[in-house]
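All ligand and atom numbering here is 1-based and tracks the order in the structure. Values reported hereafter were calculated over all heavy atoms of this structure, with side chains retained and with hydrogens, waters and symmetry mates removed.
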Amino acid sequence: MRFELATSPGAPERPNEDWASAALPATGRGGTLVLLDGVTPPAGGDGCVHGVPWFTARLGGALVELSGSRRDLTLTAILAEAIRRTADSHRQTCDLSHVRTPQATAVLVRWGGPADPVEHLVLSDSTLLLQAPDGAVRAVLDDRLDRLPREALRTHASADALRNAEGGFFTAAADPAVAERAVTGSTPRARVRAVAALTDGASRWVDMFQEGDWSACMAVLRKEGPQGLIDRVRALETSAAEQRTQVIRWKLHDDATAAIAEL
Ligand SMILES: [Zn+2]
């Protein structure tokens, strides 16, 4: 089994709000992969004295710990408990009812021995890729954000009205109930050769620049590693900026993180 992780901040003067971790159990069978993309708060603040990097570290740490220690819990229950723990750790100091309370997208993958399934959970716009032994790649996406009209997301105020609201999109914030909204599934271990997780800063190679499909993206990850994919995204962004194309919708560079595990 082999893990590889890489990350690159969108801007050197800002903290990287992505977070990723991989864990191997003491039994030597199976593993866990966690990837989070913290949502950047607006200038008006988020009601939290700690900040998004603190939040993702707390939430991600809880997800890794619970995935290993509570194999009796589903990934949905693990996400709910990790959100609850994280909320409890700053309920006394921060306004957790703030619409922009620190929040993150989540990808969580857990697998055990040869007879156990590969379980997955995806919430909001980070991407999970599952590769079968024959090379076929399946992307698992929570596409609620993509299905919203572009106009509805044009301003912070209009996007905030859809944040963790019915008919909108959902992120891991302070309410454990949001875990029920995650896209989940499980695949027999024999049908998975590799898994990969990408924050939207890294998945731009496919969904913004259309350099290839998810299979091609997995091929880059396996051949050049997560850093190779991120380097390609950065080169495309720089080139698009020089040519002043309209392809960059939001920020020129976003925090970009990619992780791959070969089972
Ligand atoms: Zn706080």
Legend entry - For the Zn ion (ligand 1), every protein N/O/S atom that sits closer than 2.8 Å, waters excluded: Cys48 SG, His50 ND1, His90 ND1, Cys94 SG

Legend entry - From CZ (Arg234) to CG (Asp231), nearest 0.5 Å: 9.0 Å

Inset, instruction - Can you tell me which residue pairs pass the ring pair (Phe, Tyr, Trp, His ring centres under 6.0 Å) test with a partner in residues 182-208, sequence neighbours excluded? - result: none

Legend entry - Thr257 side chain to Thr7 side chain, donor-acceptor N/O pair below 3.5 angstrom: yes

Inset, instruction - Look only at the side chain of Glu211 and the backbone of Asp207, and say whether a donor-acceptor pair between them is shorter than 3.5 Å. - result: no

Legend entry - Leu123: hydrophobic cluster co-members (side-chain, 4.5 Å): Trp19, Val34, Leu36, Trp54, Phe55, Leu59, Leu63, Val64, Leu66, Leu73, Leu75, Ile78, Leu79, Ile83, Leu108, Leu121, Phe170, Val178

Inset, instruction - Among Ile, Leu, Val, Met, Phe, Trp and Tyr joined by side-chain contacts under 4.5 Å, find the other residues sharing a cluster with Val52 and list them by chain and number. - result: none

